[in-house]
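This is a predicted model, so every value here is computed, not measured. Every heavy atom of this structure was used, including side-chain atoms; hydrogens, water molecules and symmetry mates were not. Sequence lines set the chain letters: A, B, ... in the order given, protein chains first and strands last, and positions in each chain run from 1.
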There are 2 protein chains.
Amino acid sequence: MTGLTGVAATPSTRATIVDVARAAQVSRQTVSNVLNRPDKVAAPTLERVRAEIARLGFTPHVTAQQLRRRKAAAFGFEVNPSGHGKMGHILDEFLVQLTVAAPDHGSHLMVFAPDAEDVIEGYRQTLATGLVDGFVLADTRRGDPRPQWLLDHDVPFVSFGRVWDLPDLHQWVDVDGGAGVRQGVAHLVEAGYDRIGFLGWPSGSPVGDDRRSGWLAGLADAGRSDPDEAEAEESVQDLDQATAAAERLLARLGPGSAVVCASDMLALGAVRAARNAGLALGPDVGVVGFDDTDVAEALSVTSIRQPIAEAARTAWQMLLSPRSTEPVLLTPELTVRSSSTRTPHPPRTATDPDTTGTAHGRRKDTP
Amino acid sequence: MTGLTGVAATPSTRATIVDVARAAQVSRQTVSNVLNRPDKVAAPTLERVRAEIARLGFTPHVTAQQLRRRKAAAFGFEVNPSGHGKMGHILDEFLVQLTVAAPDHGSHLMVFAPDAEDVIEGYRQTLATGLVDGFVLADTRRGDPRPQWLLDHDVPFVSFGRVWDLPDLHQWVDVDGGAGVRQGVAHLVEAGYDRIGFLGWPSGSPVGDDRRSGWLAGLADAGRSDPDEAEAEESVQDLDQATAAAERLLARLGPGSAVVCASDMLALGAVRAARNAGLALGPDVGVVGFDDTDVAEALSVTSIRQPIAEAARTAWQMLLSPRSTEPVLLTPELTVRSSSTRTPHPPRTATDPDTTGTAHGRRKDTP
DNA sequence: CTGAAAGCGCTTACAG
DNA sequence: CTGAAAGCGCTTACAG
């Protein structure tokens with residue numbers, strides 16, 4: 001292959017734009033034009049250059065492009081060690097989906113872990129290296145300093161999750177948790193459960209309150225408005241406390257009822273509470289969780305799943321066509337499992353009730 | 001701040017090495033020397049330049065450094081959408097820990113998702129962009145084409161997980177699963193369980209066979225050599241099959257015995273089998289899982305935890321000082337929970353037996 | 001110890 | 001439509 005035609009002198013070195021130019025008998029600017037403004041190149045030249053590009057396996061050196069264009073075509077994504085160990089790997093999945101979708105937008109993703117003591121400094125430095133043009137934010141919360149800082153410094157960004165502090169900012173995509181819970185209620189009504197309670201987090205968190213409002217909306221849809229306080233309980237994200245809260249709730253609701261939960265952790269508490277009360281999961285009591293985690297899957301608990309891949313694609317779009325002024329709210333889907341199925345249960349000898357439903361089918365419900 | 005001293009003309013633009021040079025009244029080469037060979041710069045000059053660097057908040061433009069040094073100081077990490085949904089997010093955690101440790105090695109991490117149809121092409125292209133110098137591999141399996149290709153093309157890499165096909169290649173760090181299971185057996189012996197069985201995967205997979213051998217070694221340690229076939233069962237990574245296999249195994253082992261499992265999924269099967277047999281988890285039957293997933297934590301199952309952060313740090317070291325010829329095998333630790341505690345259980349009325357142990361303490365056992 | 005020169009691989013106006 | 005020129009921000013020998 002290494003002939004007189006001008007293949008790179010050092011074969012181990014990758015082909016450069018100059019190698020292609022020599023091989024195709026054009027200047028290197030023309031090669032660049034073939035790459036970046038093919039419409040400005042005559043057809044025969046175009047073809048010849050492209051053939052050489054293919055033959056040499058030439059891929060532009062992105063680092064050089066970045067420097068020259070003064071644009072990295074890359075975005076930073078913060079990764080957080082403390083986020084691990086807690087149930088639900090939504091952000092891990094989001095990172096993966098962001099990576100998968102990156103090439104479709106001519107971009108790539110750089111992960112970084114800012115010092116927890118000074119997160120903003122981590123963003124500042126990452127930006128200053130020129131390795132990224134902006135950021136994809138996730139896990140935004142009240143009082144989050146990042147959005148304002150990015151705004152102040154004219155740094156492009158998009159957020160996965162509403163930017164609570166800045167109502168005028170529309171560069172976010174989020175999942176409509178309330179709509180998800182509402183679907184869950186509709187599903188449980190349809191499945192034939194009598195009373196449908198809610199096991200949520202203590203009020204005050206925007207996400208939790210949103211999910212709770214979905215429960216109320218679902219009841220209203222079904223003509224079961226105005227539930228009294230007895231039909232809801234709350235617990236922090238802790239299994240023992242969730243179990244205790246669920247026990248209180250189930251005791252008040254009675255058999256034949258169901259519980260929609262603000263998280264799979266809470267749902268697991270409901271599962272245990274049902275078991276402790278001697279109730280079969282599904283037939284005697286329905287449970288729906290949130291986030292469709294491994295735990296929900298393993299225990300065959302119906303759960304509300306966030307459309308993460310779609311969120312990632314939307315994030316890229318917002319980032320790269322920043323004139324779309326509207327935020328996007330995606331609707332989650334229900335993954336239906338045996339915890340919300342009222343089929344009569346087999347004798348309790350050898351088979352565990354909540355193992356029976358092996359049909360892990362997915363179903364999209366619209367409220 | 002923008003004075004006559006030569007701060008960047010366009011304030012919105014970040015400071016460059018030239019701005020620092022002007023401000024400190026030296027040439028830009030000297031600034032570069034301050035950054036890269038401080039020993040070659042006179043003390044007063046050094047101090048003056050550094051002061052200006054701090055004042056201007058100058059951070060070198062990494063893209064320019066990459067181009068000039070012909071070195072990205074970055075490594076690629078493949079991310080895989082199909083790896084999700086299955087229990088255990090070891091690789092997600094590895095990615096995070098790799099990112100956390102990156103700055104300590106003057107590097108950063110670029111994630112990419114190669115086309116599943118042609119993974120090698122994804123690696124080739126990523127490398128050709130000049131954005132990375134090499135790769136961190138994970139999830140290596142028999143017949144994996146990546147290590148050989150990287151070797152053939154002189155691309156630096158390290159693998160998290162043994163490179164099974166290339167015994168002469170030592171650039172890997174892995175976790176000694178066998179040693180982990182052995183610890184699990186020792187722990188169960190100490191906890192007072194009578195017979196200790198093994199619930200593993202069908203033989204033939206290197207990882208699974210390794211874990212099984214740890215069980216045998218643990219029994220030998222305890223002077224309980226030569227278990228007969230009745231003390232082991234196998235199942236694929238599926239909950240229903242695992243439950244069935246565990247039921248057969250528990251029936252043969254009898255109460256007061258324990259089961260070490262090759263995964264948390266299998267351990268969950270054992271938990272259900274115990275429950276179906278009316279046995280209390282912990283007091284009546286001990287269970288130890290593998291990987292310390294969310295599911296193990298949620299169900300209070302003792303599990304063997306891989307030291308992922310240490311694996312990540314080791315990977316960086318191997319990558320950046322490639323003369324360390326020896327592979328590294330790390331020993332996992334046991335996270336002890338109530339599923340392997342033989343304390344007498346409270347009455348089975350309101351409290352679920354496997355919820356009692358709220359002490360999620362960690363303990364490092366060495367065989 | 002400090003500064004002038006060359007160049008990493010590419011792109012972007014700008015002439016011809 | 002094609003090519004000569006300039007330059008992105010930095011580093012690395014190499015003279016002084």
Any donor-acceptor pair under 3.5 Å from [X] side chain to [Y] backbone:
| X | Y | value |
| --- | --- | --- |
| A:Arg48 | A:Ala23 | no |
| A:Asp165 | A:Gly143 | yes |
| B:Thr99 | B:Leu95 | yes |
| A:Thr314 | A:Glu310 | yes |

May I ask you to verify if any side-chain N or O of [X] is less than 4.0 angstrom from the OP1 or OP2 atom of [N]?
| X | N | result |
| --- | --- | --- |
| A:Thr63 | C:dG9 | no |
| B:Gln65 | D:dC10 | no |
| B:Thr30 | C:dG3 | yes |

I'd like to check the side chain to side chain contact (heavy atoms under 4.5 Å, CB included) partners of [X]; sequence neighbours left out, ordered by chain and number.
| X | answer |
| --- | --- |
| B:Gln125 | B:Glu121 |
| A:Arg146 | A:Glu78, A:Val119, A:Ile120, A:Tyr123, A:Leu137, A:Thr140, A:Arg141, A:Asp144 |
| B:Thr126 | B:Met110, B:Phe112, B:Val132, B:Phe135 |

Atom-to-atom span, [atom1] of [X] to [atom2] of [N] - whole angstrom:
| X | N | atom1 | atom2 | value |
| --- | --- | --- | --- | --- |
| B:Arg28 | C:dA4 | CZ | P | 10 Å |
| B:His61 | D:dG9 | NE2 | C1' | 7 Å |
| B:Gln25 | C:dC1 | CD | P | 21 Å |
| A:Arg14 | C:dC8 | CZ | P | 14 Å |
| A:Ile53 | C:dG9 | CD1 | P | 16 Å |
| A:Gln66 | C:dG9 | CD | C1' | 12 Å |
| A:Ile17 | C:dC8 | CD1 | P | 13 Å |
| B:Lys71 | C:dG9 | NZ | P | 16 Å |

Lys/Arg N to Asp/Glu carboxylate O, A:Arg50 vs A:Glu47, below 4.0 Å: no

Per-nucleotide pairing state of DNA chain C [Watson-Crick or G-U, under 3.5 Å; [ ] pseudoknot-crossing; | other strand]: |||.||||||||.|||

B:Ser27 side-chain proximity, nearest of C:dG9, C:dG3, D:dT11: C:dG3

Contact residues, residues 39-51 of chain A to DNA chain C [heavy atom, < 4.0 Å]: none

Step-by-step salt bridge (charged side-chain N to carboxylate O under 4.0 Å, His left out) determination, A:Glu52 to A:Arg55: CA-CA 5 Å; A:Glu52 290 303 326; A:Arg55 194 176 65 80; 2.9 Å; yes

N/O-N/O pairs, protein side and nucleotides 12-16 of chain C side, under 3.5 Å:
residue	atom	partner	partner atom	Å
C:dT12	OP2	A:Arg37	NH1	3.0

Ring geometry between B:His89 and A:His89 (parallel below 30°, tilted from 30 to 60°, perpendicular above 60°): parallel

Plane angle bin for A:Phe160 and A:Phe94 - parallel if under 30°, tilted between 30 and 60°, otherwise perpendicular: parallel

B:Asn36 versus B:Arg69, side-chain donor and acceptor atoms under 3.5 Å: yes

